[in-house]
Trainee: 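Sharing a structure below in structure tokens format, with a few things to ask.
All heavy atoms count here, side chains included; hydrogens, waters and symmetry mates do not.
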Amino acid sequence: MHKLILFLIFITICSLLQAQNKQNNTSISSETWKILSDVKFRLRDDYYTPQFGDRVKALQGKSVEITGYIYPFEQTRWSKHFALSSLSLNACFFCGVGGPETVVEVEAHSPIKQSEDPIRIRGTLILNSQDPEKMIYIIRNAVVTE
């Protein structure tokens with residue numbers, strides 16, 4: 001009987017942890033994020049370079065709208081340069097959950113307030129396959145949209 005009670009407590013704790021994990025690992029799905037997932041990587045000169053699919057290439061230099069979670073590069077309340085991800089902070093690309101296609105580098109037109117809630121931005125999409133110090137997707141002149 002004692003083992004049964006311990007087993008039931010163990011199952012209950014595992015269920016609660018799994019439910020919390022599902023609740024906290026929020027992902028935003030949109031047509032833009034689906035298109036950005038059309039990328040493969042090839043090893044070249046000691047680092048992986050992106051090989052963009054046709055749908056992604058069609059967005060090069062175009063205005064795009066995308067919703068995501070802010071990943072600040074600096075500890076400030078307002079920033080013009082940050083990352084935006086389809087995954088919440090506790091399920092981020094940097095934590096090993098997603099790939100490089102789940103995050104874009106944002107260069108905003110004017111400072112944007114940091115938030116734990118998702119934001120929607122619009123800007124010009126730049127595809128980066130040359131500079132390994134930058135993210136593969138960069139959105140320039142970004143502004144917050146409602």
Trainee: Kindly give the heavy-atom pair with the smallest separation between Phe73 and Met135, and that separation in Å.
Mentor: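 For Phe73 and Met135, the tightest heavy-atom pair comes out as CZ-CE, 3.9 Å.
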
Trainee: Using the benzene-type ring in the case of Trp, are the ring centres of Tyr137 and Phe52 under 6.0 Å apart?
Mentor: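 Centroid separation for Tyr137 and Phe52: below 6.0 Å.
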
Trainee: Side chain of Ser30, backbone of Trp33: donor and acceptor closer than 3.5 Å?
Mentor: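 Checked: pair present.
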
Trainee: For residues Ile66 and Leu84, determine if any side-chain heavy atom of one lies less than 4.5 Å from a side-chain heavy atom of the other.
Mentor: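 Yes, at least one pair of side-chain atoms sits under 4.5 Å.
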
Trainee: State whether the side chain of Tyr71 and the backbone N or O of Ser88 hold a donor-acceptor pair below 3.5 Å, judged by distance alone.
Mentor: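 Pair found, side chain donor or acceptor close to backbone of Ser88.
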
Trainee: Please confirm whether the backbone N or O of Arg44 pairs with a side-chain atom of Thr49, one donor and one acceptor, at under 3.5 Å?
Mentor: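 Between the backbone of Arg44 and the side chain of Thr49 there is no qualifying donor-acceptor contact (under 3.5 Å).
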
Trainee: Which heavy atom of Ser37 sits nearest to which heavy atom of Glu101, and what is that distance?
Mentor: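 Scanning both residues, the minimum pair turns out to be CA-CG, 3.8 Å.
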
Trainee: Group every Ile, Leu, Val, Met, Phe, Trp and Tyr by side-chain heavy-atom contacts under 4.5 Å, then state whether Val144 and Ile70 land in the same group.
Mentor: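 Shared cluster, yes.
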
Trainee: If every non-hydrogen atom of Ile139 is compared with every non-hydrogen atom of Ala142, which pair is closest and at what distance?
Mentor: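 So the two residues come closest at CG2-CB, 4.1 Å.
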
Trainee: How many angstroms lie between OG in Ser29 and NZ in Lys34, if you round to the nearest 0.5 Å?
Mentor: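 Ser29 atom OG to Lys34 atom NZ measures 4.0 Å (nearest 0.5 Å).
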
Trainee: Taking all atoms of both residues into account, what is the closest heavy-atom pair of Asn128 and Pro50, and its distance?
Mentor: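 Nearest pair, atom of Asn128 first, then Pro50: O-CG, 3.5 Å.
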
Trainee: For a side chain to side chain contact (heavy atoms under 4.5 Å, CB included) check, start with the C-alpha distance between Thr145 and Ile121, then their side-chain angles and the critical distance, and finish with the verdict.
Mentor: CA-CA 5 Å; Thr145 62; Ile121 62 167; 5.9 Å; no

Trainee: For Ile35 and Arg55, work out which heavy atoms get closest and say how close.
Mentor: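 Scanning both residues completely, I find the closest heavy atoms to be CG1-NH2, 3.0 Å.
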
Trainee: Is there a side-chain contact between Tyr69 and Ile119 in this structure, where contact means two heavy atoms from C-beta onward sitting under 4.5 Å apart?
Mentor: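 Heavy-atom side-chain distance check fails, nothing below 4.5 Å.
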
Trainee: Tell me if a side-chain donor or acceptor on Gln51 pairs with a main-chain N or O of Phe41 at a distance below 3.5 Å.
Mentor: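 No: the side chain of Gln51 does not pair with the backbone of Phe41.
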
Trainee: Flag yes if Leu43 and Val39 sit in one hydrophobic cluster, no otherwise; membership is Ile, Leu, Val, Met, Phe, Trp, Tyr, and two members link when side-chain heavy atoms are under 4.5 Å apart.
Mentor: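 In one cluster: yes.
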
Trainee: Minimum heavy-atom separation for His81 to Ser79, with atom names?
Mentor: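 Minimum heavy-atom separation between His81 and Ser79: O-OG, 2.9 Å.
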
Trainee: Should we say atom NZ of Lys113 is surrounded by more than 12 heavy atoms from elsewhere, each under 6.0 Å from it?
Mentor: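 12 or below, so no.
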
Trainee: Can Val106 be reached from Val143 by stepping across I, L, V, M, F, W or Y side chains whose heavy atoms are under 4.5 Å apart?
Mentor: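 No; Val106 is not reachable from Val143 via cluster members.
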
Trainee: Find out whether Thr124 and Ile126 are in side-chain contact, i.e. whether some heavy atom of one side chain is under 4.5 Å from a heavy atom of the other.
Mentor: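 Answer yes - side chains close enough.
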
Trainee: I need the Glu105 CD to Asp131 CG distance, nearest 0.5 Å.
Mentor: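 The CD atom of Glu105 sits 8.5 Å away from the CG atom of Asp131.
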
Trainee: In the structure I gave you, are the side-chain heavy atoms of His109 and Lys80 within less than 4.5 Å of one another anywhere?
Mentor: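 Result no, sub-4.5 Å side-chain heavy-atom pair not found.
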
Trainee: Nearest 0.5 angstrom please: Ile28 CD1 to Arg120 CZ, how far?
Mentor: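 Spacing of CD1 (Ile28) from CZ (Arg120) equals 9.5 Å.
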
Trainee: Side chains of Ile138 and Glu107, heavy atoms from C-beta outward: is any pair under 4.5 Å?
Mentor: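 Contact flag for Ile138/Glu107 side chains = yes.
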
Trainee: Does the side chain of Val104 reach to within under 4.5 Å of the side chain of Leu36, using non-hydrogen atoms?
Mentor: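 Yes; the side chains approach each other to less than 4.5 Å.
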
